[in-house]
Protein chains: 2
Amino acid sequence: MTAGADDERIALLRFVERFALTLREAGLAPMPARVLAYALADDADRYTAGDLARGLGVSPAAISGAVRYLVQVGFFVREREPGTRSDLYVLDDEDLWSRFVSAEMTSLDRFVQEIDRGIAALGVDRPGGRRLAETRDFMAFLRAEMADVIARWPAERNRLAAGRTEAAPAG
Amino acid sequence: MTAGADDERIALLRFVERFALTLREAGLAPMPARVLAYALADDADRYTAGDLARGLGVSPAAISGAVRYLVQVGFFVREREPGTRSDLYVLDDEDLWSRFVSAEMTSLDRFVQEIDRGIAALGVDRPGGRRLAETRDFMAFLRAEMADVIARWPAERNRLAAGRTEAAPAG
DNA sequence: AACACTGTTCACAAGTTCGTGAAAGATGCG
DNA sequence: CGCATCTTTCACGAACTTGTGAACAGTGTT
């Protein structure tokens with residue numbers, strides 16, 4: 001059965017690479033993307049930096065920067081067991097993906113801000129100015145709507161979970 | 001007044017660079033970002049490749065790839081005036097930013113798809129599998145909600161426009 | 001039919017990003 | 001107090017990206 005475990009690890013790493021690619025397209029750097037994908041898909045609920053390095057087969061140095069970023073952005077929470085010399089990284093399960101969208105919202109805020117500056121400098125009473133103003137309005141609209149959507153997620157999540165537990169043991 | 005026109009051009013290019021930076025953070029490549037920012041902020045409603053090259057002060061070669069990308073993604077529409085030897089690039093004004101979000105939705109679709117593959121390969125009946133399943137659900141939820149949001153934009157846009165024309169001449 | 005003008009393709013140089021290995025820095029243990 | 005273990009920092013090499021200049025191709029004009 002050792003070969004089976006190896007196969008599973010290979011399958012896991014294959015998925016990690018694929019999913020990391022998707023995360024990169026969404027804006028993450030390569031190594032943070034891999035680490036996040038690995039921490040999501042593997043079964044542990046907390047990882048040391050060494051776990052991640054060995055699990056992914058990359059150098060500890062590469063992990064260091066990646067986890068710093070992931071903690072800063074809010075995907076990971078850093079923990080420390082007393083009498084232990086390594087930090088533990090835990091997926092911030094509850095609102096992991098809400099944070100993901102929150103980052104997008106920050107980006108939208110930046111859009112609005114930059115365009116406002118542009119309009120102030122260039123004037124709104126020209127074709128270009130009107131296009132900028134409309135772009136601004138769209139970004140502001142989108143930002144507000146996204147906030148609503150995020151707020152609705154916990155309820156939807158519970159609804160889905162309820163549906164699953166209902167179907168599985170009863171049906 | 002020639003100095004004034006120069007100043008305006010400098011201010012415009014300054015804005016273009018700033019805004020392009022924001023667009024790059026949202027995933028666009030540098031040159032497409034500049035071209036899009038320039039086409040939005042300047043006053044013409046259609047541009048030849050030469051216009052864009054001269055306006056931005058970059059080589060025609062750089063424009064070529066940028067407009068091809070922008071047309072492909074749907075930001076620009078290519079037009080041709082009969083008896084003319086250059087294509088005209090027009091901002092696809094109406095649903096310019098809806099397209100922008102549609103691209104995001106495609107990206108979300110890809111998320112769902114990749115995770116489904118992962119779950120199929122790795123199994124859902126483990127901690128990692130459950131995390132993947134929840135991630136999948138969130139992405140699917142977000143995708144559906146985004147579609148709603150886009151659908152609401154035209155109405156909101158009209159509402160905003162009505163508010164403005166009401167306030168300006170009447171008030 | 002040759003020309004003038006516009007846009008595209010290609011190879012290259014400059015700059016940037018990425019991950020590694022080696023060295024240094026913490027921190028608990030004997 | 002020194003050791004062992006784990007992590008972080010740093011400099012480097014490889015790979016990739018970006019924009020340019022030059023040659024090429026297409027198209028209307030003379």
Side-chain angles (χ1 to χ4, degrees), chain A residues 13 16-39 44 46-73 75-90, chain B residues 13 16-39 44 46-73 75-90:
Chain A
L13 288 183
V16 164
E17 277 309 319
R18 292 190 63 95
F19 190 47
L21 221 62
T22 309
L23 286 167
R24 289 175 63 179
E25 280 179 17
L28 264 67
M31 198 54 81
R34 278 193 275 266
V35 170
L36 177 57
Y38 178 80
R46 55 200 60 217
Y47 303 85
T48 67
D51 293 338
L52 297 169
R54 279 185 300 277
L56 283 166
V58 301
S59 74
I63 299 295
S64 183
V67 294
R68 179 155 19 109
Y69 172 80
L70 290 169
V71 166
Q72 194 203 328
V73 178
F75 283 118
F76 278 3
V77 174
R78 211 191 297 262
E79 288 187 357
R80 191 62 166 267
E81 212 66 34
T84 286
R85 87 200 79 180
S86 47
D87 287 332
L88 292 172
Y89 299 99
V90 185
Chain B
L13 288 183
V16 164
E17 278 307 321
R18 293 191 62 96
F19 190 48
L21 222 61
T22 309
L23 286 167
R24 287 175 63 179
E25 282 180 15
L28 264 67
M31 197 54 82
R34 280 194 273 269
V35 170
L36 177 57
Y38 179 81
R46 56 199 62 216
Y47 302 85
T48 66
D51 292 339
L52 297 169
R54 279 185 300 276
L56 283 166
V58 300
S59 74
I63 299 295
S64 182
V67 294
R68 180 157 17 112
Y69 171 79
L70 290 169
V71 167
Q72 194 203 328
V73 178
F75 283 117
F76 279 2
V77 173
R78 211 190 296 263
E79 288 187 356
R80 192 62 167 266
E81 212 66 36
T84 286
R85 87 198 83 180
S86 47
D87 286 332
L88 292 170
Y89 299 99
V90 186

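Just so it is clear, the structure is predicted and the values come from calculations on it, not from any experiment. Because only heavy atoms are used, hydrogens play no part in the values below, and waters and symmetry mates are left out as well, while side chains stay in. Each chain gets a letter, A, B and so on, in the order the sequences are listed, and its residues count up from 1.
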Enquirer: How would you summarise protein contacts on nucleotides 22-30 of chain D per nucleotide, using B for base, S for sugar-phosphate only and - for none, with heavy-atom distances below 4.0 Å?
Expert: ---------

Enquirer: Rounding to a whole Å, what distance do you find between B/Y69:OH and D/dT18:P?
Expert: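 So the OH-P distance, B/Y69 to D/dT18, works out to 11 Å.
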
Enquirer: So what does B/S59 hit on the nucleic acid, given a heavy-atom distance under 4.0 Å: a base, only sugar-phosphate, or nothing?
Expert: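 Base, at least one base atom sits under 4.0 Å.
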
Enquirer: If you only use heavy atoms from C-beta on, which nucleotide in C/dT20, D/dG19, D/dT8 is closest to the side chain of B/M31?
Expert: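 Among the listed nucleotides, the one closest to the side chain of B/M31 is D/dG19.
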
Enquirer: Can you check the B/R78 CZ to C/dG7 P distance for me, whole Å?
Expert: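 Distance check: B/R78 CZ to C/dG7 P gives 11 Å.
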
Enquirer: For DNA chain C, whose closest nucleotide is more 5', that of B/R54 or that of A/P32?
Expert: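 Its nearest nucleotide lies further toward 5', so the answer is B/R54.
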
Enquirer: How many whole angstroms separate atom OH of B/Y89 from atom P of C/dT8?
Expert: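 It works out to 5 Å between those atoms.
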
Enquirer: Counting the atoms with a prime plus P, OP1 and OP2 as sugar-phosphate, which does A/P30 contact under 4.0 Å by heavy atoms, base, sugar-phosphate, or nothing?
Expert: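 Since only primed, P, OP1 and OP2 atoms lie under 4.0 Å of A/P30, the category is sugar-phosphate.
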
Enquirer: Can you tell me how far P of C/dG19 sits from CD of A/E17, to the nearest Å?
Expert: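 Distance, rounded to whole Å: 9 Å.
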
Enquirer: Considering residues at least two apart in sequence or located in another chain, which fulfil the side-chain contact (heavy atoms from CB on, under 4.5 Å) criterion with B/E25?
Expert: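 Once residues adjacent in sequence are excluded, the partners of B/E25 under the side-chain contact (heavy atoms from CB on, under 4.5 Å) criterion are A/R110.
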
Enquirer: From CG of A/L56 over to C1' of C/dC18, roughly how many Å is that when rounded to an integer?
Expert: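 A/L56 atom CG is separated from C/dC18 atom C1' by 15 Å.
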
Enquirer: Once you round it to whole Å, what is the distance between P of C/dC18 and CD1 of A/I63?
Expert: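 Taking atom P of C/dC18 as the reference, CD1 of A/I63 is at 15 Å.
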
Enquirer: Not counting sequence neighbours, which residues clear salt bridge (Lys or Arg N to Asp or Glu O under 4.0 Å) with B/E81? List them please.
Expert: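 Salt bridge (Lys or Arg N to Asp or Glu O under 4.0 Å) check on B/E81 returns nothing, list empty.
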
Enquirer: Can you measure A/L52 atom CG to D/dT8 atom P for me and round it to whole angstrom units?
Expert: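 Rounded to whole Å, this separation is 11 Å.
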
Enquirer: Tell me, please, which residues at least two apart from B/Y38 pass ring-ring contact (aromatic ring centres under 6.0 Å, His included).
Expert: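 Checked B/Y38 against ring-ring contact (aromatic ring centres under 6.0 Å, His included); matches are B/Y47.
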
Enquirer: Between CG of A/D87 and OG1 of A/T48, what distance do you get to the nearest 0.5 Å?
Expert: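 These two atoms lie 9.5 Å from each other.
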
Enquirer: Can I get a per-line list of side-chain donor-acceptor pairs under 3.5 Å for residues 56-72 of chain A, giving both atom names and the distance, sequence neighbours left out?
Expert:
residue : atom : partner : partner atom : Å
A/S59   : OG   : A/A62   : N            : 3.3

Enquirer: So what does A/A62 hit on the nucleic acid, given a heavy-atom distance under 4.0 Å: a base, only sugar-phosphate, or nothing?
Expert: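 Since a base atom lies under 4.0 Å of A/A62, the category is base.
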
Enquirer: Which residues satisfy the side-chain contact (heavy atoms from CB on, under 4.5 Å) test with A/A37, sequence neighbours excluded?
Expert: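 So A/A37 forms a side-chain contact (heavy atoms from CB on, under 4.5 Å) with A/V16, A/F19, A/L23.
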
